[in-house]
Amino acid sequence: ERAVEIAEAIGSPYLLSHALDTLAMALEEEGFCGSAEMAERTLAAARAMVDRVEAHELLVTAALGFADAGQFDLAEPIGDEAAREAQHLGPHHRLHAASAQTACLVPAGRLGRLREATSDAVELVLEEGGHTCGHGANALVGSVVSLFEAGDTLAAARALELLDTAAPKTGAATWRAHMPEILRPFVGLEEARARAERVEGSERVVDRIRRLRSELQLLALAGEWVELEGVAAEARGLAARACAPYLVWIAEWAESVRLAASGRSAEAVETAREATGALAEFGERYRAARLLVDLLPFLDPELREPLGEEAAARLEAMGAVASAAEARVYPS
């Protein structure tokens with residue numbers, strides 16, 4: 001805060017951009033309760049800034065902040081603005097913009113737009129020498145998801161291979177912590193678990209939130225109920241104080257998998273519908289639909305078809321062709 005005051009007093013956009021970025025990261029030490037307010041603050045600073053490079057960085061920070069707060073409808077136009085501005089800057093700024101767009105477009109299920117936003121991510125990373133920062137890695141994750149869901153598995157595999165070689169191997173775990181969850185539909189359960197195990201531990205609450213999201217899903221799908229119970233308890237305890245309500249809903253979905261695996265399919269469907277309905281209402285429409293698909297193989301055969309058709313219809317509307325096709329495999 002003192003750095004922000006100094007930057008404003010001496011008129012330094014460089015210092016102001018770095019101070020606000022660092023302040024945003026500091027607030028995330030306790031979760032996402034201050035994310036929306038911080039996003040509004042950084043957006044106002046970006047609007048008032050003449051320096052286009054520093055203004056662009058603040059646009060990216062603002063878009064990410066709104067996405068962290070679940071306000072994807074506010075994040076998307078800011079991410080788009082960052083992408084337009086980046087066309088006048090260097091290739092690395094275009095990767096930062098694509099990262100911001102990925103953060104809001106994946107959860108909202110705007111996969112056609114995501115494919116457009118990340119269409120040149122691979123080329124931009126290669127142009128920079130085949131290595132990138134966390135933002136570039138996040139843009140590549142968006143590219144993998146959009147290509148996979150569009151049915152272009154070969155291109156998705158190439159983007160994933162580049163992600164694995166180009167992404168930073170050390171540093172903040174934030175971008176790595178959410179990868180197993182996002183990539184799982186493409187790479188499969190075992191590979192997602194292997195990737196989760198390679199994510200280093202972190203004391204930051206934001207990193208723990210993202211890791212818990214993945215752990216809840218991976219443990220449920222693997223049928224590791226004892227460990228899942230402890231992880232679910234931690235997730236429920238953290239959700240309210242960290243402003244991460246989706247942890248409760250994903251834990252409820254994990255419980256639906258346990259119910260189905262124990263032969264209580266009707267109860268499982270009711271629990272899953274309620275949990276994924278809340279997740280979709282929050283704005284995470286893609287994850288909500290994907291979780292319904294993930295439940296299907298655990299259900300009694302007669303309950304699979306209606307739920308599978310419902311999930312497939314939602315996913316097709318998002319442009320998630322691959323996941324929609326998977327939803328129709330289990331009922332048959």
Side-chain angles (χ1 to χ4, degrees), residues 60 64 67 79 83 86 90-107 111 114-202 204 206-219 221-222 286-287 290 294 320-323 326:
V60 171
L64 292 172
H92 199 71
H93 292 93
R94 291 163 65 186
L95 286 169
H96 279 220
S99 172
Q101 291 176 295
T102 294
C104 58
L105 294 172
V106 170
L111 300 180
L114 177 67
R115 191 172 186 182
E116 295 172 7
T118 61
S119 61
D120 57 355
V122 168
E123 289 73 17
L124 289 171
V125 172
L126 291 175
E127 184 180 337
E128 292 203 305
H131 55 82
T132 190
C133 67
H135 280 307
N138 202 43
L140 287 173
V141 169
S143 180
V144 172
V145 172
S146 66
L147 291 167
F148 160 68
E149 288 292 11
D152 194 343
T153 55
L154 288 177
R158 287 194 293 269
L160 180 62
E161 183 179 6
L162 180 60
L163 170 66
D164 288 338
T165 58
K169 303 300 185 289
T170 59
T174 299
W175 69 267
R176 282 187 294 276
H178 72 85
M179 278 207 309
E181 176 185 13
I182 296 178
L183 295 175
R184 179 173 56 79
F186 178 49
V187 303
L189 177 59
E190 292 308 315
E191 175 62 21
R193 296 191 75 184
R195 288 175 178 274
E197 290 172 1
R198 292 198 294 269
V199 177
E200 67 269 28
S202 169
R204 300 177 72 232
V206 59
D207 296 334
R208 187 55 186 155
I209 288 170
R210 291 184 170 128
R211 183 156 191 158
L212 281 169
R213 286 183 60 120
S214 290
E215 287 179 344
L216 287 166
Q217 296 170 57
L218 296 172
L219 291 171
L221 295 174
Y286 176 62
R287 181 57 46 198
R290 267 300 323 182
D294 295 328
V321 176
S323 287
E326 182 182 347

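Computation of the quantities below employed the complete heavy-atom set of this structure, encompassing side-chain atoms and omitting hydrogens, waters and symmetry-equivalent molecules.
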Find out whether [X] and [Y] are in side-chain contact, i.e. whether some heavy atom of one side chain is under 4.5 Å from a heavy atom of the other.
X	Y	value
E181	R210	no
V321	E149	no
R195	D164	yes
V125	H131	no

Nearest-0.5 Å distance, [atom1] of residue [X] to [atom2] of residue [Y]:
X	Y	atom1	atom2	answer
L162	T165	CG	OG1	5.0 Å
N138	H96	CG	NE2	10.5 Å
L114	S143	CG	OG	8.0 Å
H135	H92	NE2	NE2	7.5 Å
L160	F148	CG	CZ	11.5 Å
L105	R115	CG	CZ	14.5 Å

Taking all atoms of both residues into account, what is the closest heavy-atom pair of [X] and [Y], and its distance?
X	Y	result
A167	A137	CB-CB, 3.9 Å
R211	A196	NH2-O, 3.4 Å
L218	A192	CD2-CB, 3.8 Å
A121	L95	O-CD2, 3.9 Å
A320	L111	CB-CD1, 3.5 Å
S146	T118	OG-OG1, 3.6 Å

Taking ring pair (Phe, Tyr, Trp, His ring centres under 6.0 Å) as the definition, give me every residue that meets it alongside H93, ordered by chain and number, with sequence neighbours left out.
H56

Can you name the residues that form a ring pair (Phe, Tyr, Trp, His ring centres under 6.0 Å) with Y286, not counting sequence neighbours?
none

Within 6.0 Å of CD in E123, more than 12 heavy atoms from elsewhere:
yes

Do any side-chain atoms of residues 151-158 form donor-acceptor pairs under 3.5 angstrom with protein atoms, and if so which ones, sequence neighbours left out?
unit_1, atom_1, unit_2, atom_2, d
D152, OD1, A155, N, 3.2

Evaluate the criterion side-chain contact (heavy atoms from CB on, under 4.5 Å) for residue pair V141 and V144; output intermediate values, then yes/no.
CA-CA 5 Å; V141 169; V144 172; 5.7 Å; no

Got a sec, which residues hit side chain to side chain donor-acceptor pair (under 3.5 Å) with R193, two or more places apart in sequence or on another chain?
E224

Please enumerate all residues that pass side chain to side chain donor-acceptor pair (under 3.5 Å) together with R290, with sequence neighbours excluded.
D294, S323, E326

Under the side chain to side chain contact (heavy atoms under 4.5 Å, CB included) test, which residues partner E127, sequence neighbours left out?
P91, L124

Please lay out, stage by stage, how R184 and M179 fare under the test side-chain contact (heavy atoms from CB on, under 4.5 Å).
CA-CA 8 Å; R184 179 173 56 79; M179 278 207 309; over 6 Å; no

Any salt bridge linking E215 with R208? Criterion: basic side-chain nitrogen under 4.0 Å from a carboxylate oxygen.
yes

